[in-house]
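Note that ligands are numbered from 1 as they come in the structure, with each ligand's atoms numbered from 1 the same way. Quick caveat, the model's predicted, so the values are computed rather than measured.
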Amino acid sequence: MIKVQDIVYVVYRAPDLDKMEQFLTDFGMYRAKREPDKLYMRGAGDYPYIHVTEKGEPGFAAVGMLAGSEAELDEAARLPGSSAIETIDAPGGGKRVRMQGPDNYRIDLVHGIKPVERLDIRDPLAINFGYEKNRLFELQRPKNESAKIIRLGHCVLKFTDGSAARDWFINTLGMLVTDRLHVPDDPKVTLGTFMRCNRGDKPADHHTIFALHAPGDINVHHVSFEVQDPDAVQIGHYWLQGKGWKQEWGVGRHLLGSQVFDYWRSPWGHIFEHYADGDLLNASVPPGDYPATAENLAQWGPELSPRFFESVVT
Ligand SMILES: [Fe+2]
């Protein structure tokens with residue numbers, strides 16, 4: 001059985017690669033490779049790229065997820081709508097199967113992409129708490145810079161039938177339900193499901209995929225990238241503001257997943273999130289169930305942006 005272990009990359013299309021590179025650089029990524037019609041951007045972490053832009057009409061093209069083993073690619077290739085096993089022509093190589101997800105989303109199952117050396121970013125800040133002092137005789141001087149992304153953390157997709165989509169990720173990719181969100185007045189109606197990778201005893205992010213029920217608006221909702229610590233989120237916020245990019249919602253702290261978050265719009269109106277300090281759970285944690293209220297979206301932060309659920313705002 002396929003058990004995805006991580007999220008590796010997302011693929012977008014955009015008509016202007018220079019503009020996309022500028023945004024992603026200000027957002028805290030690094031150029032990995034640039035071709036005439038393709039842009040690969042990486043984080044500071046182990047993967048050779050985490051964001052790909054193909055030149056074209058603006059839109060979301062694919063999400064790449066890490067297979068638990070090479071054998072899982074054979075399994076994926078046998079499923080309806082799947083490609084054969086292909087060699088990936090991109091930094092780090094590896095193999096992939098392009099799978100047909102619900103609502104025809106392209107889900108790439110990948111294996112064997114060679115890791116790269118990590119890039120230098122600042123260490124996590126040592127914090128002096130009220131009753132616990134962790135930094136003595138040293139000054140706190142984080143640099144004013146972009147948020148320095150480490151890795152891709154999760155992807156939120158909108159589906160015609162959010163429950164059917166959830167079942168696909170559980171049954172086809174071996175994911176686990178972490179938390180379900182339901183209509184506040186009607187607990188039977190599912191609005192969305194947070195799903196994590198099944199890593200057995202090993203910790204996994206609270207969610208790697210969120211399947212949002214949004215008939216009539218099939219699109220990516222947002223993609224989220226992990227940074228070093230909450231200071232990096234806040235410093236990155238002012239960095240993006242200084243560069244004139246459009247903010248969407250934040251800085252705040254989520255309830256489900258607990259991440260300190262900050263949401264921005266790309267030049268073509270797609271939402272990109274920075275996060276730090278998220279929850280990690282192993283496979284033994286049972287699913288939670290919550291009404292989809294504003295309080296359950298954030299523990300603290302600014303009021304929810306009224307256009308937050310709009311896929312594209314330019
Ligand atoms: Fe998110």
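For the atom pair NZ (K95) and CG (D74), the distance works out to 9.0 Å, reported to the nearest 0.5 Å. One distance of note links CD1 of I7 with NE2 of H207; it measures 10.0 Å at 0.5 Å rounding.
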Exercise for the section: Take H237 and W264, measure what ring-ring contact (aromatic ring centres under 6.0 Å, His included) needs, and give me the verdict at the end. Expected result: CA-CA 9 Å; H237 176 95; W264 290 78; 5.3 Å; yes
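Scanning all heavy atoms of the two residues, the minimum distance from S311 to D217 falls at OG-OD2, 2.9 Å.
For H206, the side-chain hydrogen bond (donor to acceptor under 3.5 Å, both in side chains) partners are D179, not counting sequence neighbours.
Among protein atoms, those of element N, O or S found less than 2.8 Å away from the Fe ion (ligand 1) are H154 NE2, H222 NE2, E273 OE1.
Side-chain atoms of K243 never come within 3.5 Å of backbone atoms of Q22 as a donor-acceptor pair (strictly under, hydrogens ignored).
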